[in-house]
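Shown next, in C-alpha coordinates, is the structure this report addresses.
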Amino acid sequence: MSTIKIRAKNKDGLTTVKALINHPMETGMRKDKKTSKMIPAHFIQEVSCTANGKKVLHANWGTAVSKNPYISFKLTGAGKGDQLVLSWKDNLGNSDSLTSVVK
Amino acid sequence: MNSQRRLMLKSSFATAALGTAVAAGLITPRSIMAANLPNAFAAKSVTGVINEMFAGQTRLTSKQVQIKAPDIAENGAVVPVTISSDLKDIQSISLLVSNNATPLVASYDFEPGTEAFISTRIKMGKTSEVEAIVKAGGKLYTASKEVKVTIGGCGG
(Lines give C-alpha, C1' and ligand atoms only; values in the text may rest on other atoms or scores of the structure.)
Protein backbone atom coordinates (compact mmCIF):
# COMPACT_ATOMS: atom_id res chain seq x y z
CA MET A 1 0.00 0.00 0.00
CA SER A 2 1.14 3.46 -0.66
CA THR A 3 2.52 5.52 2.19
CA ILE A 4 0.69 8.56 0.93
CA LYS A 5 -2.91 9.59 1.31
CA ILE A 6 -4.02 12.58 -0.65
CA ARG A 7 -7.22 14.51 -1.14
CA ALA A 8 -7.56 17.37 -3.57
CA LYS A 9 -10.76 19.34 -3.97
CA ASN A 10 -11.57 22.22 -6.22
CA LYS A 11 -14.01 24.86 -5.06
CA ASP A 12 -14.56 28.24 -6.73
CA GLY A 13 -11.32 27.95 -8.69
CA LEU A 14 -9.18 27.16 -5.67
CA THR A 15 -7.81 23.65 -5.20
CA THR A 16 -7.11 22.59 -1.66
CA VAL A 17 -4.71 19.69 -1.34
CA LYS A 18 -4.40 17.74 1.89
CA ALA A 19 -1.94 14.91 2.25
CA LEU A 20 -0.78 12.51 4.92
CA ILE A 21 2.42 10.50 4.66
CA ASN A 22 3.21 7.46 6.75
CA HIS A 23 6.75 7.92 7.99
CA PRO A 24 8.51 7.51 11.36
CA MET A 25 10.46 10.80 11.10
CA GLU A 26 13.15 9.65 13.55
CA THR A 27 15.46 12.43 14.72
CA GLY A 28 18.38 10.05 15.30
CA MET A 29 18.63 10.93 18.98
CA ARG A 30 15.98 8.65 20.39
CA LYS A 31 16.97 5.49 22.19
CA ASP A 32 15.32 2.13 21.82
CA LYS A 33 14.07 1.40 25.32
CA LYS A 34 14.68 -2.35 25.06
CA THR A 35 18.17 -2.39 23.60
CA SER A 36 19.20 1.13 24.76
CA LYS A 37 20.73 1.67 21.35
CA MET A 38 20.19 4.81 19.34
CA ILE A 39 17.49 4.61 16.74
CA PRO A 40 19.13 5.88 13.56
CA ALA A 41 17.83 9.04 11.95
CA HIS A 42 15.17 8.40 9.38
CA PHE A 43 13.26 11.37 8.07
CA ILE A 44 11.84 12.84 4.90
CA GLN A 45 14.04 15.47 3.33
CA GLU A 46 12.18 16.42 0.21
CA VAL A 47 8.55 16.58 -0.77
CA SER A 48 7.40 17.80 -4.11
CA CYS A 49 4.13 18.15 -5.91
CA THR A 50 3.34 18.56 -9.58
CA ALA A 51 0.01 19.38 -11.22
CA ASN A 52 -0.34 18.07 -14.79
CA GLY A 53 3.43 17.65 -14.94
CA LYS A 54 4.10 21.22 -13.84
CA LYS A 55 5.93 21.73 -10.56
CA VAL A 56 3.79 23.55 -8.00
CA LEU A 57 5.48 23.05 -4.64
CA HIS A 58 8.79 21.83 -3.34
CA ALA A 59 9.55 21.37 0.33
CA ASN A 60 12.78 20.75 2.22
CA TRP A 61 12.21 19.18 5.59
CA GLY A 62 14.37 18.73 8.65
CA THR A 63 13.88 16.36 11.56
CA ALA A 64 11.47 18.70 13.36
CA VAL A 65 8.51 17.82 11.16
CA SER A 66 6.16 15.56 13.13
CA LYS A 67 5.84 11.82 12.71
CA ASN A 68 3.42 10.79 9.97
CA PRO A 69 3.58 14.25 8.43
CA TYR A 70 0.52 16.20 7.35
CA ILE A 71 0.76 18.84 4.69
CA SER A 72 -1.85 21.06 3.16
CA PHE A 73 -1.57 23.70 0.47
CA LYS A 74 -3.72 25.54 -2.07
CA LEU A 75 -3.43 25.90 -5.81
CA THR A 76 -5.00 28.41 -8.17
CA GLY A 77 -3.35 26.85 -11.19
CA ALA A 78 -5.10 23.47 -11.04
CA GLY A 79 -8.71 22.60 -11.79
CA LYS A 80 -11.05 19.63 -11.70
CA GLY A 81 -9.67 16.52 -13.36
CA ASP A 82 -6.06 17.66 -13.21
CA GLN A 83 -3.47 15.09 -12.24
CA LEU A 84 -1.57 15.70 -9.04
CA VAL A 85 1.60 13.80 -8.23
CA LEU A 86 3.01 14.00 -4.72
CA SER A 87 6.34 12.42 -3.99
CA TRP A 88 8.79 12.26 -1.10
CA LYS A 89 12.38 11.19 -0.55
CA ASP A 90 14.02 10.42 2.80
CA ASN A 91 17.60 10.44 4.08
CA LEU A 92 17.98 6.68 3.57
CA GLY A 93 17.14 6.93 -0.10
CA ASN A 94 13.60 5.61 0.18
CA SER A 95 10.92 7.33 -1.80
CA ASP A 96 7.33 7.05 -2.81
CA SER A 97 4.88 8.90 -4.96
CA LEU A 98 1.18 8.89 -5.56
CA THR A 99 -0.92 10.21 -8.38
CA SER A 100 -4.39 11.50 -7.72
CA VAL A 101 -7.02 13.49 -9.55
CA VAL A 102 -8.47 16.82 -8.41
CA LYS A 103 -12.15 16.46 -7.58
CA MET B 1 25.68 -5.52 45.47
CA ASN B 2 24.43 -6.25 42.07
CA SER B 3 25.79 -3.49 39.97
CA GLN B 4 23.90 -4.79 37.00
CA ARG B 5 20.65 -3.75 38.57
CA ARG B 6 21.99 -0.28 39.40
CA LEU B 7 23.09 0.11 35.85
CA MET B 8 19.74 -0.98 34.55
CA LEU B 9 17.96 1.57 36.67
CA LYS B 10 20.31 4.32 35.68
CA SER B 11 20.10 3.63 32.01
CA SER B 12 16.35 3.34 32.03
CA PHE B 13 16.09 6.77 33.65
CA ALA B 14 18.46 8.28 31.17
CA THR B 15 16.63 6.67 28.30
CA ALA B 16 13.29 7.95 29.46
CA ALA B 17 14.56 11.50 29.79
CA LEU B 18 16.31 11.39 26.46
CA GLY B 19 13.33 9.80 24.82
CA THR B 20 11.04 12.66 25.80
CA ALA B 21 13.55 15.26 24.73
CA VAL B 22 14.08 13.64 21.38
CA ALA B 23 10.45 12.88 20.76
CA ALA B 24 9.87 16.57 21.07
CA GLY B 25 12.64 17.33 18.59
CA LEU B 26 14.87 18.95 21.16
CA ILE B 27 18.12 17.43 20.09
CA THR B 28 19.37 16.98 16.58
CA PRO B 29 22.87 15.72 16.07
CA ARG B 30 25.14 17.57 13.71
CA SER B 31 25.60 14.49 11.56
CA ILE B 32 22.04 14.64 10.35
CA MET B 33 21.59 17.07 7.56
CA ALA B 34 19.09 17.57 4.85
CA ALA B 35 20.09 16.99 1.26
CA ASN B 36 19.32 20.53 0.25
CA LEU B 37 20.33 23.46 2.42
CA PRO B 38 22.41 21.19 4.70
CA ASN B 39 24.03 24.13 6.44
CA ALA B 40 20.74 25.87 7.07
CA PHE B 41 19.26 22.74 8.63
CA ALA B 42 22.35 22.27 10.81
CA ALA B 43 22.50 25.90 11.97
CA LYS B 44 22.02 26.26 15.71
CA SER B 45 20.49 29.71 15.82
CA VAL B 46 17.88 31.71 13.92
CA THR B 47 20.59 34.15 12.79
CA GLY B 48 22.64 31.21 11.54
CA VAL B 49 19.73 29.94 9.48
CA ILE B 50 19.10 33.39 7.99
CA ASN B 51 22.79 33.72 7.11
CA GLU B 52 22.81 30.35 5.37
CA MET B 53 19.52 30.69 3.55
CA PHE B 54 19.18 34.36 2.76
CA ALA B 55 22.79 35.59 3.02
CA GLY B 56 22.05 37.66 6.10
CA GLN B 57 19.26 39.77 4.55
CA THR B 58 17.19 41.73 7.04
CA ARG B 59 13.59 40.71 7.54
CA LEU B 60 10.64 43.02 8.07
CA THR B 61 7.89 42.21 10.52
CA SER B 62 4.74 42.26 8.45
CA LYS B 63 1.04 42.01 9.17
CA GLN B 64 0.63 40.49 5.74
CA VAL B 65 2.10 37.27 7.05
CA GLN B 66 -0.33 35.32 9.21
CA ILE B 67 0.70 32.49 11.43
CA LYS B 68 -1.81 30.25 13.11
CA ALA B 69 -0.66 28.01 15.95
CA PRO B 70 -2.06 27.08 19.34
CA ASP B 71 -1.23 29.31 22.35
CA ILE B 72 -0.53 26.23 24.38
CA ALA B 73 0.59 22.91 22.94
CA GLU B 74 0.21 19.99 25.28
CA ASN B 75 2.24 17.68 23.12
CA GLY B 76 5.39 19.21 21.71
CA ALA B 77 5.76 16.34 19.25
CA VAL B 78 2.72 17.43 17.27
CA VAL B 79 2.08 21.16 16.99
CA PRO B 80 -0.20 22.20 14.13
CA VAL B 81 0.97 25.34 12.35
CA THR B 82 -0.63 27.18 9.44
CA ILE B 83 1.03 30.02 7.57
CA SER B 84 -0.65 32.22 5.04
CA SER B 85 0.08 35.55 3.46
CA ASP B 86 -1.53 38.12 1.18
CA LEU B 87 1.81 39.22 -0.20
CA LYS B 88 2.27 38.97 -3.97
CA ASP B 89 5.00 37.12 -5.83
CA ILE B 90 5.76 34.60 -3.08
CA GLN B 91 8.94 32.62 -3.59
CA SER B 92 9.29 30.66 -0.40
CA ILE B 93 8.02 30.19 3.13
CA SER B 94 10.35 28.96 5.86
CA LEU B 95 9.32 27.80 9.27
CA LEU B 96 11.58 28.23 12.29
CA VAL B 97 11.29 27.35 15.97
CA SER B 98 13.83 29.52 17.75
CA ASN B 99 14.32 27.34 20.83
CA ASN B 100 14.80 24.05 18.97
CA ALA B 101 18.40 22.82 18.78
CA THR B 102 18.29 23.40 15.04
CA PRO B 103 15.68 26.12 14.47
CA LEU B 104 14.90 25.45 10.80
CA VAL B 105 11.95 23.07 10.57
CA ALA B 106 10.99 23.23 6.93
CA SER B 107 11.26 25.40 3.89
CA TYR B 108 8.71 25.47 1.08
CA ASP B 109 9.40 26.78 -2.41
CA PHE B 110 6.37 28.10 -4.24
CA GLU B 111 5.74 28.20 -7.96
CA PRO B 112 3.32 30.58 -9.70
CA GLY B 113 -0.21 29.19 -9.37
CA THR B 114 0.31 28.08 -5.79
CA GLU B 115 -1.40 30.10 -3.07
CA ALA B 116 0.66 31.48 -0.20
CA PHE B 117 -0.69 28.94 2.25
CA ILE B 118 0.87 26.02 4.03
CA SER B 119 -0.36 23.89 6.88
CA THR B 120 1.69 21.26 8.65
CA ARG B 121 2.56 19.71 12.00
CA ILE B 122 5.89 20.25 13.72
CA LYS B 123 7.90 19.14 16.75
CA MET B 124 8.87 21.61 19.48
CA GLY B 125 11.32 20.89 22.29
CA LYS B 126 10.05 23.58 24.66
CA THR B 127 8.14 26.84 24.79
CA SER B 128 9.35 28.94 21.91
CA GLU B 129 8.65 31.53 19.27
CA VAL B 130 7.47 30.00 16.02
CA GLU B 131 8.57 32.19 13.17
CA ALA B 132 7.50 32.22 9.55
CA ILE B 133 9.77 33.87 7.03
CA VAL B 134 8.17 34.67 3.70
CA LYS B 135 10.30 35.58 0.73
CA ALA B 136 8.31 37.69 -1.69
CA GLY B 137 9.67 39.80 -4.53
CA GLY B 138 13.21 39.25 -3.26
CA LYS B 139 12.41 40.66 0.19
CA LEU B 140 11.92 38.91 3.50
CA TYR B 141 8.82 39.35 5.61
CA THR B 142 8.25 37.71 8.93
CA ALA B 143 5.70 37.01 11.63
CA SER B 144 6.05 35.07 14.83
CA LYS B 145 3.93 33.65 17.59
CA GLU B 146 4.83 32.18 20.94
CA VAL B 147 3.67 28.64 21.57
CA LYS B 148 3.83 27.33 25.13
CA VAL B 149 4.73 23.68 25.38
CA THR B 150 3.56 21.99 28.55
CA ILE B 151 5.56 18.94 29.45
CA GLY B 152 3.54 16.42 31.39
CA GLY B 153 0.50 17.15 29.31
CA CYS B 154 -1.93 18.05 32.12
CA GLY B 155 -3.21 20.97 30.10
CA GLY B 156 -1.65 23.63 32.37
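All chains are named by letter (A, B, ...) in the order of the sequence lines, taking the proteins before the strands, and each is independently numbered beginning at 1. We use all heavy atoms of the structure for the numbers below, so side chains are in, but hydrogens, waters and symmetry mates are not.
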Using a strict threshold of under 4.0 Å (side-chain N to carboxylate O), is an ion pair present between B/Lys145 and B/Glu131?
no

Please check if any side-chain donor atom of [X] sits under 3.5 Å from a side-chain acceptor atom of [Y], or the reverse.
X       : Y        : result
B/Gln64 : B/Ser85  : no
A/Asn10 : A/Thr15  : yes
A/Trp61 : B/Thr120 : no
A/Asp90 : A/His42  : yes

Applying a strict 4.5 Å limit to non-hydrogen atoms, the region of B/Val81 in contact with chain A is neither

Can you say whether B/Pro112 sits under 4.5 Å from chain A via the side chain, the backbone, both, or neither, judging by heavy atoms?
backbone

Side chain, backbone, both or neither: which part of A/Lys54 has a heavy atom under 4.5 Å from chain B?
side chain

At a 4.5 Å cut-off on heavy atoms, which part of A/Leu14 comes close to chain B: side chain, backbone, both, or neither?
side chain

Checked A/Leu75, A/Val56, A/Ile71 vs chain B; the most non-hydrogen pairs under 4.5 Å come from A/Val56

